[in-house]
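As structure tokens, the structure follows; a few thoughts come after it.
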Amino acid sequence: PVTIADIEARLKQVRAAGYALSDQDTVLGVRVVAAPVLDPDGHPWGAVSAAAPSFVCSLEQFIDHSRGMVVEAARSLAKVLRVTGSAVTV
């Protein structure tokens, strides 16, 4: 079973890396990399992700090809939020 401590440790790793990776953790045969879009106060506002079937390329190739683009897209959206102040509060 996954514990709260396990989740907290994983969140710490994701925050440090700036992205999260799922290698068939949720859906068999699908890999996903995601990065948070942070509001001007550093709180998560949304996320950007990319997914691919696991048979298309190795895990290393998937990370190498998608991580940078996903992180950069999330940062670009965060810049738009800072400039326009268009974050939606629910």
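- In the hydrophobic clustering of this structure, Val48 does not group with Val32; members are Ile, Leu, Val, Met, Phe, Trp, Tyr whose side-chain heavy atoms approach within less than 4.5 Å, directly or through other members.
- Remark: Ile4 CD1 is loosely packed, at most 12 non-hydrogen atoms of other residues, nucleotides or ligands lying under 6.0 Å away.
- Of all heavy-atom pairs spanning Ala74 and Pro36, the tightest one is CB-O, 3.3 Å.
- Considering every non-hydrogen atom in both Val30 and Ala51, the closest pair reads CG1-CB, 4.2 Å.
- Both Val70 and Val37 are members of a single hydrophobic cluster when ILVMFWY side chains are connected at heavy-atom separations under 4.5 Å.
- Listed for the Glu72 side chain is no donor-acceptor partner under 3.5 Å among the backbone atoms of Met69.
- A donor-acceptor pair under 3.5 Å links the side-chain atoms of Gln24 to the main chain of Gly29, judged by distance alone.
- One finds the CG atom of Leu77 at 13.0 Å from the CG atom of Asp39 (value rounded to the nearest 0.5 Å).
- Looking at heavy atoms from C-beta onward, Asp64 lies in side-chain contact with Arg67 at the 4.5 angstrom threshold.
- Two different hydrophobic clusters hold Val14 and Val2 under the rule that ILVMFWY side chains link at heavy-atom gaps under 4.5 Å.
- No path of Ile, Leu, Val, Met, Phe, Trp and Tyr side chains, each step under 4.5 Å between heavy atoms, connects Leu38 with Val71, placing them in separate hydrophobic clusters.
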Test side-chain contact (heavy atoms from CB on, under 4.5 Å) on Trp45 and Leu81 and set out the steps.
CA-CA 9 Å; Trp45 181 80; Leu81 289 176; 3.7 Å; yes
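- Two residues are said to be in side-chain contact when any heavy atoms from C-beta on lie closer than 4.5 Å; Phe62 and Leu21 meet this criterion.
- Taking OG from Ser66 and OH from Tyr19, the interatomic distance works out to 9.0 Å, rounded to the nearest 0.5 Å.
- Looking at Arg31 and Leu59, their side chains come closer than 4.5 Å, going by heavy atoms from C-beta outward.
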